[in-house]
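Below you'll find the structure, written out as structure tokens, and then a few comments.
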Amino acid sequence: MAAIPSSALSGSTSQSLVADSRNTLALQAKAARDPKSAIAQTAKQFESIFMQEIMKSMRNSTLASGMLENGGTQLGTEMLDQQYANQMTGLPGGLSAMIAKQLERQMGVAAGDATLNAPLSALPARVPGRSMSGTVSALPAAPAAAAAAAGAPSSANRTAGTQSTGATRQAQFVQQHTEAARIAEQHTGIPAEFMVAQAAHESGWGRREIRNADGSSAHNLFGIKAGPGWTGKTATVTTTEYVNGQAVKTQAKFRAYDSYGASFADYAAMMKTSPRYAKVVAHADTAQDFAKGLQRAGYATDPAYADKLTRVINTTLRLQRTLT
């Protein structure tokens with residue numbers, strides 16, 4: 001593919017800026033007539049920008065494919081990413097719904113329909129095949145993306161859409177549990193980001209939560225088992241333990257809570273009062289120290305637990321920087 005002249009790119013950029021200015025003016029006029037609709041539109045625009053930034057970040061972490069990389073393929077990739085972001089924007093329970101709800105409260109606009117006021121628990125559909133490490137697979141290479149934009153088979157589209165949905169899930173998980181983690185930080189001294197990351201690792205970013213017999217969530221984000229001293233509710237599930245380095249399936253009882261906040265509170269109490277984890281709390285200065293400390297204390301039997309958790313913590317920290 002021949003490189004697109006810079007004049008064409010600059011012309012496209014100028015048109016985009018003009019369009020953005022017109023959209024802003026139209027949105028301002030609409031806010032005076034119908035503030036609720038304007039809030040919803042503003043929230044969707046913000047979510048679209050946020051999704052584009054996530055996809056851009058994931059692409060930047062992927063090595064270039066080589067001689068096929070040029071201005072044309074880059075432009076095709078950016079246009080395709082924009083289309084993906086637009087398609088994933090405005091879904092029930094998504095980021096735009098939460099933003100709209102918060103803006104309505106701040107502006108004193110009456111509560112709206114179920115879509116705008118969907119609860120945080122109404123997350124997108126579960127995505128199969130995700131790794132417990134929490135890492136995000138790279139999107140298709142730029143040439144493939146450009147080909148898809150030109151009408152190639154839609155398998156690349158579906159793959160990128162699934163991966164971006166996973167990134168959205170991660171961002172929502174961080175947003176949903178940050179406040180409870182900050183409260184737990186006040187009691188333990190462990191950084192909130194580390195605890196959110198551990199909850200993400202243990203629950204597969206909320207996809208593999210421990211569930212009660214009736215299918216409801218046990219709200220146990222940290223995989224804490226119900227030992228002899230536990231007098232609260234329990235949930236019995238099949239779990240994987242490592243015996244002599246070998247993964248073994250076994251039935252085990254886990255603690256069950258009435259809310260995610262209670263899960264963070266119980267985790268904080270355990271970390272603060274148990275001598276077993278005293279050194280973990282005292283040396284939780286870096287992600288690696290925290291993860292290795294948990295593994296040495298026997299928090300999990302997985303021999304690769306520290307490495308996996310460290311990667312999830314780094315992902316959580318990047319998401320936090322994006323969200324703040």
Side-chain angles (χ1 to χ4, degrees), residues 131-135 173-174 177-178 180-210 218-257 259-317 320:
S131 168
M132 282 294 287
S133 67
T135 55
F173 188 94
V174 172
H177 299 297
T178 292
R182 285 174 177 165
I183 295 174
E185 179 180 4
Q186 297 174 4
H187 294 281
T188 63
I190 300 173
E193 294 81 3
F194 292 6
M195 288 182 279
V196 171
Q198 190 178 2
H201 177 60
E202 294 289 342
S203 67
W205 296 96
R207 293 183 302 108
R208 301 177 183 176
E209 286 188 26
I210 296 170
H219 298 105
N220 187 339
L221 293 172
F222 294 93
I224 301 177
K225 292 182 179 177
W230 176 252
T231 58
K233 295 184 294 184
T234 63
T236 302
V237 298
T238 300
T239 185
T240 301
E241 299 291 349
Y242 287 82
V243 180
N244 297 324
Q246 298 297 318
V248 178
K249 295 289 186 181
T250 183
Q251 290 278 314
K253 283 187 176 182
F254 290 83
R255 300 182 183 186
Y257 310 99
S259 67
Y260 295 122
S263 176
F264 273 92
D266 188 48
Y267 171 83
M270 180 185 71
M271 297 299 290
K272 184 177 180 180
T273 61
S274 173
R276 180 179 176 182
Y277 299 110
K279 290 184 178 180
V280 178
V281 176
H283 299 91
D285 299 321
T286 67
Q288 192 170 35
D289 289 342
F290 176 68
K292 287 185 176 180
L294 284 172
Q295 183 165 338
R296 284 194 297 267
Y299 192 95
T301 57
D302 184 353
Y305 187 83
D307 292 336
K308 293 177 181 178
L309 180 56
T310 300
R311 289 196 293 269
V312 182
I313 290 175
N314 290 333
T315 298
T316 302
L317 290 171
Q320 283 283 26

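Nothing fancy with the numbering, it's 1 onward along the sequence.
- Using a 4.5 Å heavy-atom threshold, the side chains of Lys308 and Asp302 count as touching.
- The two residues Ala256 and Ala235 come nearest to each other via the heavy atoms CB-N, 4.4 Å.
- With sequence neighbours excluded, the residues satisfying side-chain hydrogen bond (donor to acceptor under 3.5 Å, both in side chains) with Asp266 are Arg255, Tyr257.
- Using cut-offs of 30° and 60° for the angle between ring planes, the Phe222 and Tyr267 rings count as parallel.
- The nearest pair of heavy atoms linking Ala291 to Ala306 is CB-O, 3.4 Å.
- Aromatic rings from Phe290 and His283 are positioned such that their centres are separated by 6.0 Å or more.
- Taking the side chain as every heavy atom from C-beta outward, Tyr299 and Glu202 approach each other to under 4.5 Å.
- No more than 12 heavy-atom neighbours from other residues, nucleotides or ligands sit within 6.0 angstrom of CD on Gln246.
- Applying the side-chain hydrogen bond (donor to acceptor under 3.5 Å, both in side chains) rule to Lys233 yields the partners Asp258; only residues at least two apart in sequence or on another chain are considered.
- Legend: residues meeting side-chain hydrogen bond (donor to acceptor under 3.5 Å, both in side chains) with Ser259, ordered by chain and number and at least two apart, are absent.
- For Gln288 against Thr310, the heavy-atom pair with the smallest separation is CA-OG1, 3.9 Å.
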Determine, stepwise, if the pair Lys253 / Val237 fulfils side chain to side chain contact (heavy atoms under 4.5 Å, CB included). CA-CA 7 Å; Lys253 283 187 176 182; Val237 298; over 6 Å; no

Report the C-alpha distance between Phe194 and Leu309 in whole Å, list the side-chain angles of each, state the deciding distance to 0.1 Å, and finish with yes or no for side chain to side chain contact (heavy atoms under 4.5 Å, CB included). CA-CA 9 Å; Phe194 292 6; Leu309 180 56; over 6 Å; no

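- Lys249 and Thr239 share no side-chain donor-acceptor pair at under 3.5 Å.
- Nearest heavy atom pair, residue Val196 against residue Phe173, reads O-CE2, 3.6 Å.
- Summarising the geometry, atom CZ belonging to Phe264 is positioned 10.5 Å from atom OG1 belonging to Thr188; distances are rounded to the nearest 0.5 Å.
- Looking only at distances, a side-chain donor or acceptor of Arg276 sits under 3.5 Å from a matching main-chain atom of Gly298.
- Proximity of Gln320 to Thr178: side-chain heavy atoms (C-beta onward) are separated by under 4.5 Å at one or more points.
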Would you please test Lys272 and Val281 for side chain to side chain contact (heavy atoms under 4.5 Å, CB included) and show each step? CA-CA 7 Å; Lys272 184 177 180 180; Val281 176; over 6 Å; no

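- Summarising the geometry, atom CZ belonging to Arg208 is positioned 10.0 Å from atom OG belonging to Ser203; distances are rounded to the nearest 0.5 Å.
- Of the inter-residue distances, the one linking Met195 atom CE with Ile183 atom CD1 reads 10.5 Å to the nearest 0.5 angstrom.
- Under the 3.5 Å distance criterion, with hydrogens and angles disregarded, a donor-acceptor pair is assigned to the side chains of Gln251 and Thr238.
- Expressed to the nearest 0.5 Å, how far NE2 of His201 lies from CG of Leu221 amounts to 13.5 Å.
- Closest heavy-atom contact between Thr316 and Ala197: OG1-CB, 3.4 Å.
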Intermediate values then yes/no, side chain to side chain contact (heavy atoms under 4.5 Å, CB included), His219 and Ile210: CA-CA 7 Å; His219 298 105; Ile210 296 170; over 6 Å; no

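- Atom CZ of Phe254 is separated from atom CG of Asn220 by 7.5 Å, given to the nearest 0.5 angstrom.
- Residues Asp307 and Arg311 are in side-chain contact: their nearest non-hydrogen atoms beyond the backbone lie under 4.5 Å apart.
- Put simply, NZ on Lys279 and CG on Asp289 are 13.5 Å apart, with the number rounded to the nearest 0.5 Å.
- Taking the charged nitrogens against the carboxylate oxygens, Lys225 and Glu241 do have a contact shorter than 4.0 Å, which makes a salt bridge.
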